[in-house]
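Single-structure report; data block below.
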There are 4 protein chains.
Amino acid sequence: VTDFRSDNTHGASPEILEALARIAAGTITSYGNDEITARLRERCRALFETDLEILPVSTGTGGNALSIAAMTPPWGGVFCHDDAHIHRDEMGAPEFFTNGAKLFPIPGPNGKLEAATLAGVIDDIACEGRTAKPSCVSLTQATEAGTVYTPDEVRALCDVAHAHGCRVHVDGARFANAAVSTSASLADLTWRAGVDVLVFGATKNGALAAELIVMFDQSLADELRTRWHRGGHRYSKMRFLSGQFDAYLTDDLWLRNARHANAMAARLAAAMPEVLMPVEANVVFARLAPATIAKLRAQGFLFYDWPLFGEGAVRLVCGFSTAEEEVDALVAALNSAR
Amino acid sequence: VTDFRSDNTHGASPEILEALARIAAGTITSYGNDEITARLRERCRALFETDLEILPVSTGTGGNALSIAAMTPPWGGVFCHDDAHIHRDEMGAPEFFTNGAKLFPIPGPNGKLEAATLAGVIDDIACEGRTAKPSCVSLTQATEAGTVYTPDEVRALCDVAHAHGCRVHVDGARFANAAVSTSASLADLTWRAGVDVLVFGATKNGALAAELIVMFDQSLADELRTRWHRGGHRYSKMRFLSGQFDAYLTDDLWLRNARHANAMAARLAAAMPEVLMPVEANVVFARLAPATIAKLRAQGFLFYDWPLFGEGAVRLVCGFSTAEEEVDALVAALNSAR
Amino acid sequence: VTDFRSDNTHGASPEILEALARIAAGTITSYGNDEITARLRERCRALFETDLEILPVSTGTGGNALSIAAMTPPWGGVFCHDDAHIHRDEMGAPEFFTNGAKLFPIPGPNGKLEAATLAGVIDDIACEGRTAKPSCVSLTQATEAGTVYTPDEVRALCDVAHAHGCRVHVDGARFANAAVSTSASLADLTWRAGVDVLVFGATKNGALAAELIVMFDQSLADELRTRWHRGGHRYSKMRFLSGQFDAYLTDDLWLRNARHANAMAARLAAAMPEVLMPVEANVVFARLAPATIAKLRAQGFLFYDWPLFGEGAVRLVCGFSTAEEEVDALVAALNSAR
Amino acid sequence: VTDFRSDNTHGASPEILEALARIAAGTITSYGNDEITARLRERCRALFETDLEILPVSTGTGGNALSIAAMTPPWGGVFCHDDAHIHRDEMGAPEFFTNGAKLFPIPGPNGKLEAATLAGVIDDIACEGRTAKPSCVSLTQATEAGTVYTPDEVRALCDVAHAHGCRVHVDGARFANAAVSTSASLADLTWRAGVDVLVFGATKNGALAAELIVMFDQSLADELRTRWHRGGHRYSKMRFLSGQFDAYLTDDLWLRNARHANAMAARLAAAMPEVLMPVEANVVFARLAPATIAKLRAQGFLFYDWPLFGEGAVRLVCGFSTAEEEVDALVAALNSAR
């Protein structure tokens, strides 16, 4: 079979596994007060060109929900795109971690929030005064639709957020794919544009299970650390979590993996009869005829239907380990199926 | 330095790291519907000689809090020993995951709950009817005091629990150390004695980060699965979590590691001037003179003071990678320090 | 001034105050185990022609949130109209009492949910399986738009709800106004149509502060009773809460008050230049010219702008104590203002 | 029958009922922005000789849980006496409203917390750093044991609290009984001694259902107002809640009622063979022979057994409407029963 279901069906980069093996011997202070975690923090400060605090977690859901909870009181409102993972796919994790905040899913073309629409929704809520306290705007970068916000778009949304008393969270499960898709610096993509907290994903791009909560707003750090512990998201043997991320940032592994995945998606998209969303990262949404879909599946190609994007819509995801031959095989099968 | 601070300052067993490397290639269904997780489930059924359901998590706090929440409504009461990790060390994780249940910490000698005391406390609560609904009894096996409940002791406590409408949770962060300490079968130590859910730890005994929620009461499985997802404790690349535990159970690695750690603790205890708790697992509590403590630390021996057990009390923990030479060095230093 | 702001700016019916004075002397069992509460329960059973359980509360927000929480797990989904009080005006009370459930506000004409739209939204959520577990459909009767569901409309919505594993809650803050607006029996308006729990309001219609949770699905009673106590919504001197509702149901006071309020609203509506919603209860939505609005206010008429229903929209509410003269004065002012 | 079960089996003072009747006509701004509530606030400022904010609620459980939640994060610790109503009798209301804080019940003679014991418990928790964040000390005034803290005792406890980063809440369900029992000013009993929030009860002392959250620390007001609304504890027709309390404070009704109840308790205590707690308010704990208890009950005297205070312990409560003749009848029955 050839698998385009998701980037999380892929395994782990050898570089990361080797790093884990390398740091596995001997004893080391547990719970995060170790030198590997300290080194990772320094690496992030250099990469983002600013002071910041970090907390490693092993799932994106955990990272997102914890971050949002540190910005949002139980009576707060969280504004996100209609398709956002935090709304659609986490079984209410943000509601759980915030103790009952309200999510306001907002439609927008190409999987993106638009600043004017966002401002309108927040204004509507704020004027009521009895619905929720606007507290957090959550962006997904790259989006669930496989598109990427430009630094200007991020800044426009952050400006709306801050003008309405909200902080900004970025769900960066595919942040690496977004980063390599633009020519912007990480700083320009995040804190310089106004982002307060980024959940920087590694799992989908080559780690075993590692996401990093990156706090540009360090005033959140104390409370987030407590929530992290209380939520059961603090590893005792932290070296094995920080160590994954440290290897991920070493020798540009994260960039190499993401560039490859994006390139594979572009190669795939080029062969599609009808692409439904701009292909700016590693995910392709296309419309195929039912017969084509059936033939591809019969030949062992795995991918998901995506009814959210209309009839015949499918999603094809390329990962760090997707081989060029796999893409070409799908393209060939597609051409012969039509 | 020589480190007796905790079993979680130790690294990971080579066998587990090798297993991770072995399963890292290729794509595989994510979120737990994979063959490695299925194999692990079968392995557990064989090991415990019964049907059961499992959910892998990466922290003990997560596993404990999720399990307790599946047994305990927000207005429920959870009964545990005074020293229990769930009460003292998890920053209210059970309260968070249950949405506000009440813990009733109960004193008991040698870190163990006693059936008669437990019954008295539950009766007191139940008769009020306005304090909490007795819902869960939580045991720690091996205990925080390094002692081990016999199957008969477990059964007596489970009988009290069930007679009062409570289910039984076992915090098994050091379950392997307890298991090798008795001659009982795993079945006798758990479900045959009345245990409903065991959180079977691997992290402290050689895994990177892996605990297994083992549900003997399978009626809890559906809700626990939802809570697990919502709590951000469901790995996307589950193979890397199930795979750790699978390797842990392969070729008796878990037993070999635990036997070694227990043996090291026994060797250490034998040399102690005053041992404060029966040494039945891998943890030694001893009283040392302040001068002795200072001398040992000056020589690079790391360990914690344990004021809970009185003045001069220290805790010394042996792990799977504690070398006999390290123990002997401490014994020698101790002898020359006196 | 003449006040059309809300039915909760009105005071209390003399009959209810007299009843309170009558039952105020002497001691009586507290917390709800008294004869007045027992009599109220019997009265409700007769009125609704079925067995049922009741819990008195003093606010609609409390009654709604408690009822919804008894039907909805923390990961549940609650489906309601876009304008619903539970979504817009209760600062997240349902999210608080459910410990984090998700509300799905759904548009619909005339302030009403439509069965087909409801089914579509639930299907969308249910197919995902990772957003929320469909658990509760909440109707408002009379609606926030001043319209009334017919028994057939209620039944159609209940059928959709039950077919999707949801229970049905009715926010009946203005249930009396709805009841007198139809010729249906209370049974036909509620449990015969499939309603599981009604929060039957008295506050807006002549009580000081009294709402009644009426459980047709009695399996909810035990848990709701616990939540009621834990939520601080259980009066110790219950006689003063049950007694209000008991007086409300005596000699058709509730019907008389509601009929009067509805009649006043109809009288008012007849004089409006543009009515925005069918006037089926005691609330009138109209569009007035800005100059007209200003003139009316200058003459001491109080009412709210209602931007939700467009520019120039205002809401005029008649209560049990609205005098015919007050309505006529507004009509006269309106005619002279145009 | 003659009823000594509780002060909440009593009815309501005529003065309060008359006040309700007097303010029941006409319309008035709802939700608390009315002149009666404003007048009540001014009255309280005069009475307590300081600036302060208020929120009226209808139950003590609601008032306590809301107040504590405004001082205590979800991972906070609340320190209270073992017998405290918030721990024993509210089915976890503080845990619910705080979203999972931990209560630490502390023993102490005569139902009172002692400063040294309190300091020890907080120190123990604080040194761990992984149990809970010390956040709130809750006193009950008068205590559940019918005793009263002196201003000096309150100050000593407040000093310990503040020195450990905790705020102080007073459960004043019987605050009137405490106030008349000392010669201290209300200011000396509360804010001058360090109290941050008092829940000032009227229900047990002549109101229908009225408690007042009195915030000396006004920085809590905004958040508490939001929690109050979200918790369903904000009356729409606030006049009927504020109005009760306003009447309660008019012409010293609250003092007259409390003085009477306390006097009746003293009269009763004087006749008891064995009084178990100092009788400083309106509650008497006594030990009676089983035969005596049976005889009294056979003659229609109602009161509760109180096993918490030992075998044969009973509780006898006098209310604002307890008649001298009722006390004398009990005394006579007691004398003839012995």
Side-chain angles (χ1 to χ4, degrees), chain C residues 1-14 16-18 20-21 23-31 57-66 90-93 95-97 99 203-204 207-209 226-227 229-241 302 319 321-322, chain D residues 1-14 16-18 20-21 23-31 57-66 90-93 95-97 99 203-204 207-209 226-227 229-241 302 319 321-322:
Chain C
V1 304
T2 314
D3 191 345
F4 293 95
R5 286 178 296 174
S6 179
D7 21 23
N8 59 33
T9 63
H10 291 248
S13 283
I16 292 178
L17 289 158
E18 285 155 20
L20 290 181
I23 61 177
T27 68
I28 195 173
T29 301
S30 51
Y31 288 112
V57 291
S58 57
T59 69
T61 295
N64 289 333
L66 285 165
E90 302 186 351
M91 211 66 196
E95 286 88 346
F96 174 43
F97 281 81
N99 297 303
T203 311
K204 285 182 192 295
L208 294 78
T226 302
R227 290 183 179 275
H229 186 109
R230 173 174 170 88
H233 285 287
R234 183 181 188 180
Y235 267 41
S236 53
K237 294 181 172 173
M238 189 64 71
R239 66 171 113 176
F240 294 120
L241 190 46
L302 303 178
S321 74
T322 299
Chain D
V1 305
T2 313
D3 190 347
F4 293 95
R5 285 177 296 175
S6 180
D7 21 22
N8 59 34
T9 64
H10 291 249
S13 282
I16 292 178
L17 289 157
E18 285 155 20
L20 290 181
I23 62 176
T27 68
I28 194 174
T29 300
S30 50
Y31 288 112
V57 291
S58 56
T59 70
T61 295
N64 289 333
L66 285 166
E90 302 187 350
M91 210 66 195
E95 286 89 346
F96 173 43
F97 281 81
N99 297 303
T203 311
K204 286 182 190 295
L208 295 77
T226 302
R227 290 183 179 275
H229 187 109
R230 174 174 169 89
H233 285 287
R234 182 181 189 179
Y235 267 42
S236 52
K237 295 180 172 174
M238 189 65 72
R239 65 173 114 177
F240 294 120
L241 191 46
L302 303 177
S321 73
T322 299

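Order of the sequence lines fixes the chain letters, A, B, ..., with proteins taken first and strands second; residue numbering starts at 1 for each chain. What you see below is based on every heavy atom in this structure, not just the backbone, and it leaves out hydrogens, waters and symmetry mates.
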## Note on the structure
Cut-off 4.5 Å, heavy atoms of chain C, and the answer for D/A25 is neither
### Which atoms of D/L20 approach chain C - backbone, side chain, both or neither, heavy atom under 4.5 Å
both
### C/Y31 versus chain D, the contacting section by heavy-atom distance below 4.5 Å
side chain
### Query
Out of D/G231, D/G60, D/A207, D/P14, which one racks up the most heavy-atom pairs below 4.5 Å with chain C?
D/G231
### Query
Angle class for the D/F96/C/F97 ring planes (parallel below 30°, perpendicular above 60°, tilted otherwise)?
perpendicular
#### Entry: Pairwise distance CG(D/N8) to CD1(C/I28) - rounded to 0.5 angstrom
11.5 Å
### Task
For each of D/S58, D/S321, D/S13, D/A21, tally heavy-atom pairs with chain C at distances under 4.5 Å, and name the one with the top tally.
D/S58
### Query
At a heavy-atom separation under 4.5 Å, does C/L208 approach chain D through its side chain, its backbone, both, or neither?
both
### Task
For each of C/E90, C/R227, C/H233, tally heavy-atom pairs with chain D at distances under 4.5 Å, and name the one with the top tally.
C/H233
### Query
About how many Å separate OG1 of D/T29 and CG of C/L302, when rounded to the nearest 0.5 Å?
7.5 Å
### Query
Are side-chain heavy atoms of D/T203 and C/Y235 found at a separation under 4.5 Å?
no
#### Entry: Least distance between heavy atoms, C/R230 atom then D/A93 atom
O-CB, 3.1 Å
### Task
Below 4.5 Å from any heavy atom of chain D, which atoms of C/N99 appear? Answer side chain, backbone, both or neither.
side chain
### Query
For C/G232 and D/T59, which heavy atoms make the closest approach, and how far apart are they?
O-OG1, 2.7 Å
#### Entry: Toward chain D, the part of C/R234 with a non-hydrogen atom under 4.5 Å
backbone
### Query
Any idea which of C/D3, C/V1, C/T2 has the most non-hydrogen atom pairs under 4.5 angstrom with chain D?
C/D3
### Message
Just verifying a value: how many Å separate C/H10 NE2 and D/K237 NZ, rounded to the nearest 0.5 Å?
### Response
8.0 Å
### Residue pair D/S30 / C/R5, side-chain donor-acceptor N/O under 3.5 Å
no
### Query
So what's closer than 4.5 Å to chain D heavy atoms on C/A65: side chain, backbone, both or neither?
neither
### Contacting moiety of D/S236, where chain C heavy atoms sit under 4.5 Å
both
